[in-house]
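Shown next, in structure tokens, is the structure this report addresses.
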Number of protein chains: 2
Amino acid sequence: MESILIIEDEIDIAKLVGFNFERNGYSVDIAHDGREGLEKILKNQPDLVILDLMLPEIDGYKILKKMQRDTRSHSIPVIMLTAKSQIDDRLKGLELGADDYITKPFSPKELILRAQAILKRNRVTPVAEDFLLGPFRFDKNALTFFVHDQPLPLSLIEFKLFLFLCQRAGQSQDRNHLLKVVWGYSDEIHSRTLDTHMKRLRKKLGKVGSFIETIRGIGYRVRQPE
Amino acid sequence: MESILIIEDEIDIAKLVGFNFERNGYSVDIAHDGREGLEKILKNQPDLVILDLMLPEIDGYKILKKMQRDTRSHSIPVIMLTAKSQIDDRLKGLELGADDYITKPFSPKELILRAQAILKRNRVTPVAEDFLLGPFRFDKNALTFFVHDQPLPLSLIEFKLFLFLCQRAGQSQDRNHLLKVVWGYSDEIHSRTLDTHMKRLRKKLGKVGSFIETIRGIGYRVRQPE
DNA sequence: GAAATGTGTGACAAAAGCGTCACGCATTGA
DNA sequence: TCAATGCGTGACGCTTTTGTCACACATTTC
């Protein structure tokens, strides 16, 4: 999710804008003065900054300048918020490095649109932190499991167990070892617990359950897909 | 601990090599002929096989071939041991699927080094994909959560929810958005579900639950630790 | 082919997880 | 200060998850 930092001292405006961005699926943070704004920029590295020109402590121009100089912030896009009377040629030319500006009063809708345009322009394909194996996909952030890109709900233990096996596909995993890793048991066999879970996994997986191989006398293995 | 199977009929060599591996922290098993070797491979599934080319019963090539064919062994790496006069055959060995070879006489040290290189290459140990934030640690592979390195069991939803918040520490997250992301709801508020989960999270977290901040009118935020 | 060993399965009960509600408290804004 | 709004909390009941058992079935061993 893309994050927006709004630097705006007028609380109502900040809230209004923030609310609208959030409703559009952005994560929003607000700073109420220049100092706080700059801190949050460097610390959180938002994907876009909405920056009011007139601010207490440090004004918008100064923030822009400082952002340019710091490698941590110089590539973060900025939309300036200005009153009509504040528009000057520098701003118009966007010489200072802002990516766009919008004059108060403005419609939140327009602001969102401009923001989206800029974000789209700057977007880098995010690295998906998914573990892939054959027809399986584990989204480790959303803790969601997919078979052929169809989500399949797994319980916590099932997810742990199967992820562990899939990450070691082709290698058989010892029963005790599985118990130790997934359950945290240090001792020996607990009845037929592991078998039962494997059964449930296989059942949920349906056809592709055949990827799970039983290694008699050892434990289980997920077959390495071709 | 990684396990090595040495298949070598010359007892002195086998012992020497075994001793050296053991001294380097490996668990070692020895087979003195091809038949025994193959059995042990299939039964114990060592992490690496040191295989002499010239063996009674079944020679090294045959063993390699058989290993390839059996899914239980085809992914186990092999280092071939050959006499100088047999070097010409090395290509044959590598073609058959050996991962490396070393000629007699060899230094145990070199053998260990080669073995380590191969084991490292084959090791599936997934990169520790832990997400760290202040006192918190999320092991995304083991799906285990830690506070100050003490494991704290979280339910699936709790893990999702808190991970999501922590990954966006410092940014407030909209209530509806959280519901959408964590629960998959597309619609609006469901009673006080989210609050209840936040309550449970805070309770489980104890003192460090204070990292969770309520942003009135918006949602929640995890405080960015210093 | 019979005994021994190991794995699969259905059923069951206990525990944990979960969503919802009613209500109290806190904050906000007039 | 009062009303309105939003959040926190304890309690309740419903599901899902889990571990265990008895026993069926499969494979190996002798």
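Below, read A as the first sequence line, B as the second, and so on, with proteins coming before strands; counting in each chain starts at 1.
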For the side chain of [X] and the backbone of [Y], is there at least one donor-acceptor N/O pair under 3.5 Å apart?
| X | Y | value |
| --- | --- | --- |
| B:Asp47 | B:Ser3 | yes |
| B:Lys204 | B:Pro153 | yes |
| A:Glu36 | A:His32 | yes |
| A:Glu8 | A:Glu10 | yes |

Atom-pair distance ([atom1] on [X]; [atom2] on [N]), nearest Å:
| X | N | atom1 | atom2 | result |
| --- | --- | --- | --- | --- |
| A:Ile212 | C:dT9 | CD1 | P | 11 Å |
| A:Ile11 | C:dT27 | CD1 | C1' | 14 Å |
| A:Leu194 | C:dG8 | CG | P | 9 Å |
| A:Ile157 | C:dA15 | CD1 | C1' | 12 Å |
| A:Leu143 | C:dG17 | CG | P | 14 Å |
| B:His197 | C:dC21 | NE2 | C1' | 14 Å |
| A:Glu158 | D:dG19 | CD | P | 11 Å |
| A:Leu201 | D:dT17 | CG | C1' | 13 Å |

Might you list the N or O atoms of the protein lying below 3.5 Å from N or O atoms in nucleotides 7-13 of chain D, with each pair's distance?
unit_1: D:dC7; atom_1: OP1; unit_2: B:Gly217; atom_2: N; d: 3.1
unit_1: D:dG8; atom_1: OP1; unit_2: B:Arg202; atom_2: NH1; d: 2.8
unit_1: D:dG8; atom_1: OP1; unit_2: B:Thr214; atom_2: OG1; d: 2.7
unit_1: D:dG8; atom_1: OP2; unit_2: B:Asp195; atom_2: OD2; d: 3.4
unit_1: D:dG8; atom_1: OP2; unit_2: B:Tyr220; atom_2: OH; d: 2.6
unit_1: D:dG8; atom_1: O6; unit_2: B:Arg192; atom_2: NE; d: 3.4
unit_1: D:dG10; atom_1: N7; unit_2: B:Lys199; atom_2: NZ; d: 2.9

**Message:** Using the side-chain heavy atoms of A:Thr193, tell me which of these nucleotides is nearest: C:dG17, D:dT18, D:dG19.
**Reply:**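 Closest of the options to the side chain of A:Thr193: D:dG19.
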
**Prompt:** Any side-chain heavy atom of A:Leu133 sitting closer than 4.5 Å to one from A:Phe138?
**Reply:**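 No, side chains not in contact.
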
**Asked** Got a second to check how far A:Ile157's CD1 is from A:Arg200's CZ, nearest 0.5 Å?
**Response**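 One gets 9.5 Å once the value is rounded to the nearest 0.5 Å.
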
**Asked** With nearest nucleotides of DNA chain C determined for B:Pro153 and A:Lys15 from heavy-atom distances, which residue corresponds to the more 5′ nucleotide?
**Response** B:Pro153

